Trainee: 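Could you have a look at this structure, given as structure tokens, before my questions?
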Amino acid sequence: MNENENRAQRILKMMKTYDLIEVSKSFFAYQSILKALQQMDQVPFADELLSQSASGVKPEYLSNTIEFPDDENFKNYMCDLENLSSDDMAAQTSLDSSQAVAVVHALTNRVSLIQGPPGTGKTFIGGLLARLIRLNTDVTILCVCYTNHALDQFMEHMLDFGESRLVRIGGRSKSDRIAKYQLSALAAAKAKQNTSTSQRIRQVDALLHRKREEIAEAIDVLEQPITWNEPVGGIETALQSEFEEEYNFLCVPALFDDDGFQVVGPSGKSLSPDFLWKTWKDGKPFPPFMMAYCNFTDRMEDFWKMDNSARHDFVLAVEREVLSHVKPGLHGTVEEFKTLQRERQGLSLEKHQQILHEARVIGATTSGAARSQELLSEVSPSVVIVEEAGEVLEAHVLSSLTPNTRHLVLIGDHKQLRPKVESHGLTAVAGRGYNLDISLFERLILGGLSSSLLAVQHRMRPSISHIIRTQTYPDLEDHHSVHNFPNIRGLSENLVFIKHSVMEDGELDADDHMKTTTKSNQHEANMCIEIVRYLLLQGYKPESIVVLTPYLGQLFIIINGMKRGDLRDVEAYISEQDLDKFEGDEYDGLKDANGGGVRSNKSVRCSSVDNYQGEENDIVVISLVRSNKHGKIGFLAEPQRVNVLLSRARHGMIIVGNPQTLVQHGGKKTWEPILKILRQGNRVMDGLPTICQVHPDDKPVLLTSRDEFRRIRPNGGCHRKCDYRLECGHVCPMMCHPVDQSHEYAKSMCVEP
């Protein structure tokens with residue numbers, strides 16, 4: 001055994017033993033919520049949340065008279081909570097009847113449930129309720145949202161309503177308007193004020209910096225190899241102080257012969273001070289040539305006859321003694337550092353509390369609220385409004401409540417996506433009784449607790465809303481404004497299902513099943529990219545288009561395809577939530593393909609369905625991916641996911657998929673009615689039904705492949721030459737093009753003399 005192995009063994013003996021437990025990455029997202037639940041000794045609103053027996057219990061902090069804002073929508077309308085009429089409210093304000101019912105329900109129930117189908121204005125209602133509570137009371141309102149996007153929307157609504165006493169907890173806001181209202185930004189501004197708290201924080205920060213340096217220096221000492229003289233005196237000092245007899249056995253005396261010449265070792269070199277120590281530690285006998293120069297007693301002889309195991313134990317004891325001169329100082333410094341850290345956290349908490357106490361509206365994501373549970377408990381908001389409540393785990397909502405919460409408003413839709421649960425065995429679909437993905441919102445509604453339903457959608461053109469009305473929301477009404485949405489430029493239809501029979505990517509196993517777990521379909525990816533390119537050539541801005549797909553594998557292929565494709569400097573963009581899902585070396589270049597993770601005005605959004613709930617866009621291009629002869633479509637058979645998928649578009653929706661695969665086996669119940677509606681409208685086609693904007697009398701042309709897009713509609717128009725006479729006198733050399741009708745680009749490209 002060599003010296004390095006001996007040292008490694010000795011170090012291992014000195015070290016404590018720990019058990020390592022592997023946890024998933026999501027554990028850290030739930031950790032703060034679990035801690036918050038552990039600290040709860042009672043559940044607020046137990047009658048409603050536990051037994052679901054109470055209904056119509058009025059929030060005690062509200063007075064009987066409620067005043068509405070004095071603007072063109074509400075005209076300073078006033079109502080009496082004892083005789084509140086939703087019909088009267090709808091008649092005298094701009095609210096529709098279902099919105100008025102929702103407002104009445106929220107103001108007269110301390111636990112209020114408001115269900116909002118897609119496009120019915122859930123965020124608007126949440127903002128209005130916060131505005132009414134702010135106008136009529138002096139209580140603090142906490143708004144909790146599942147996503148940063150929804151939270152930014154809510155906070156912007158409050159800004160639009162004139163609220164300036166806002167605080168947003170958490171630092172992942174994408175809104176420039178909200179940036180200065182983030183808790184960190186407000187705290188930084190407060191730190192510049194010369195208050196006693198700010199002064200002490202600066203002092204503590206300086207002390208923490210000094211202690212970090214002292215700890216680093218001590219660790220450097222501990223990491224040094226232990227030698228005869230180092231660190232802090234090394235082996236020699238330790239032997240002298242604690243092992244005096246052994247020191248005499250191992251100390252090399254000054255060796256001179258009778259003529260005064262220095263005695264050297266076998267190699268002809270002078271003996272180093274640690275010569276005997278190294279010899280003994282290596283398990284060797286006492287050097288014979290030194291017998292004449294040492295008083296070799298029986299005790300010394302016994303010491304040098306120790307076996308290797310005993311020698312290792314002694315070396316370990318000596319090295320412990322060496323380190324014992326460093327460890328107490330390090331331990332003391334670490335304790336001082338911890339004390340300062342606790343003081344720093346306390347000062348920060350105090351500063352944050354001061355900021356929140358001055359706020360009227362506090363916003364946080366569900367995880368942010370759980371992480372700030374101690375802070376929120378001290379501030380103790382009286383009102384908690386939860387947006388996207390159908391997508392929030394029950395634990396997230398409970399951890400946002402405090403004993404002083406007097407009003408809980410849950411706004412969501414349990415017929416859209418349920419909360420995400422990592423283990424399938426804990427879901428309701430698994431049928432094992434855990435039902436962890438059943439939100440508090442869904443549990444209370446299905447349990448019969450009183451609720452209200454928003455019934456008028458303002459998002460989708462009627463042909464799109466007809467699908468989800470037939471499938472999920474039979475009472476959903478269209479607002480008159482959606483009948484006036486513009487047609488999609490360059491298309492003969494605003495809603496189309498492009499059918500194909502090209503099999504999805506993946507290797508087949510012995511039973512003819514796909515081996516891959518992540519799904520993709522190169523044919524559909526190519527079609528989606530060409531559709532996006534064609535729409536951009538019609539003059540649409542990149543931010544008005546989104547590509548949706550249920551599978552991350554397909555998302556990756558589309559992103560890379562757009563990066564390689566001819567989209568004239570337009571780049572693909574995916575959200576942080578989707579980007580976090582990509583793990584593995586094969587995805588290393590994704591952030592670069594993602595515009596560096598920053599969205600610009602040249603970015604076309606590409607997203608998984610799960611991370612697009614609550615969002616919308618003018619034109620939605622959908623790749624369904626699944627295409628196989630077994631009819632296996634996975635979670636595309638889930639009504640909630642399909643509901644979200646088909647309700648994101650405002651003006652136009654283009655779906656690419658294999659209808660035969662969708663209606664086999666598990667997907668039949670979900671997809672057969674949808675395809676029936678599409679076929680009745682003659683919207684199931686073999687390709688994209690394109691028209692030339694410049695020559696609108698031409699018949700529509702179906703484009704089924706990349707080659708056809710590039711050959712028949714090369715510049716987004718038809719295959720005619722433009723023939724426009726430029727200012728320079730030359731003819732425009734381009735094929736028919738709907739955009740750049742002023743021919744600025746053509747002028748710059750003209751190379752004729």
Side-chain angles (χ1 to χ4, degrees), residues 1-18 20 214-334:
M1 187 179 292
N2 60 36
E3 172 63 21
N4 288 335
E5 290 173 333
N6 284 334
R7 176 166 174 75
Q9 281 195 354
R10 291 195 299 273
I11 291 174
L12 288 172
K13 287 183 180 180
M14 296 170 66
M15 294 171 66
K16 292 182 179 179
T17 301
Y18 296 91
L20 283 177
E214 292 176 10
I215 291 170
E217 290 171 2
I219 290 174
D220 286 342
V221 170
L222 288 173
E223 289 179 342
Q224 291 179 23
I226 299 176
T227 65
W228 185 251
N229 298 117
E230 295 292 340
V232 292
I235 299 296
E236 182 178 27
T237 300
L239 289 172
Q240 286 176 332
S241 62
E242 296 297 327
F243 306 95
E244 185 175 354
E245 183 180 30
E246 288 82 356
Y247 174 71
N248 291 328
F249 299 158
L250 297 167
C251 179
V252 176
L255 302 181
F256 296 92
D257 62 14
D258 295 338
D259 296 323
F261 290 99
Q262 185 177 6
V263 177
V264 296
S267 62
K269 296 181 180 180
S270 60
L271 301 178
S272 63
D274 62 348
F275 172 72
L276 287 179
W277 166 254
K278 286 183 176 179
T279 302
W280 182 86
K281 190 174 68 169
D282 290 343
K284 298 175 182 178
F286 189 81
F289 75 90
M290 294 191 64
M291 287 290 189
Y293 305 98
C294 295
N295 181 19
F296 202 74
T297 63
D298 291 342
R299 289 274 298 162
M300 187 172 180
E301 182 178 4
D302 292 340
F303 180 76
W304 276 88
K305 286 183 177 179
M306 275 188 190
D307 58 31
N308 285 340
S309 177
R311 292 190 186 199
H312 288 158
D313 289 342
F314 181 76
V315 170
L316 188 63
V318 175
E319 289 182 344
R320 280 203 192 99
E321 180 59 29
V322 173
L323 297 178
S324 70
H325 295 286
V326 181
K327 285 182 177 178
L330 176 59
H331 179 75
T333 305
V334 169

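Bear in mind that the values here come from a model prediction, so they are computed numbers and not experimental data.
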Trainee: For Phe314, give me all partners under ring pair (Phe, Tyr, Trp, His ring centres under 6.0 Å), at least two apart in sequence or on another chain.
Mentor: Phe243, Trp280, Phe303
Trainee: According to the salt bridge (charged side-chain N to carboxylate O under 4.0 Å, His left out) rule, which pairs have a member within residues 286-308, sequence neighbours left out?
Mentor: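 Every pair satisfying salt bridge (charged side-chain N to carboxylate O under 4.0 Å, His left out) with a residue in residues 286-308: Glu245-Arg299, Glu301-Lys305.
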Trainee: Measuring from atom CD1 of Ile226 to atom CD of Glu319, what distance do you get when rounded to the nearest 0.5 angstrom?
Mentor: 4.0 Å
Trainee: At their closest point, which heavy atom of Val322 faces which heavy atom of Ala238, and how far apart are they?
Mentor: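 The pair with the smallest heavy-atom distance is CG2-CB, 3.7 Å.
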Trainee: Would you compute the distance between atom CZ of Phe249 and atom CG of Leu276 and round it to the nearest 0.5 angstrom?
Mentor: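 Nearest 0.5 Å value for the CZ-CG distance: 12.0 Å.
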Trainee: Looking only at atom types and distance, does a side-chain atom of Arg311 sit under 3.5 Å from a main-chain N or O of Met306, one as donor and one as acceptor?
Mentor: yes
Trainee: Nearest 0.5 Å, what's the CD1-CD distance between Ile235 and Glu230?
Mentor: 11.5 Å
Trainee: Just verifying a value: how many Å separate Asn248 CG and Glu244 CD, rounded to the nearest 0.5 Å?
Mentor: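 Answer for the CG-CD pair, Asn248 versus Glu244, is 6.0 Å.
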Trainee: Identify, with sequence neighbours excluded, every residue that meets side-chain hydrogen bond (donor to acceptor under 3.5 Å, both in side chains) alongside Ser272.
Mentor: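 In terms of side-chain hydrogen bond (donor to acceptor under 3.5 Å, both in side chains), with neighbours along the sequence ignored, Ser272 is linked to Asp274.
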Trainee: Pro231 and Pro225: which non-hydrogen atoms are nearest, and at how many Å?
Mentor: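 Smallest interatomic distance, heavy atoms only, reads CD-O, 4.1 Å.
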Trainee: Quick one: salt bridge (Lys or Arg N to Asp or Glu O under 4.0 Å) partners of Glu214, sequence neighbours excluded?
Mentor: Lys211
Trainee: Using side-chain contact (heavy atoms from CB on, under 4.5 Å) as the criterion, list what pairs up with Glu236, not counting sequence neighbours.
Mentor: Trp228, Asn229, Gln240, Tyr247
Trainee: Got a sec, which residues hit side-chain contact (heavy atoms from CB on, under 4.5 Å) with Thr279, two or more places apart in sequence or on another chain?
Mentor: Phe275, Lys284, Pro287, Trp304
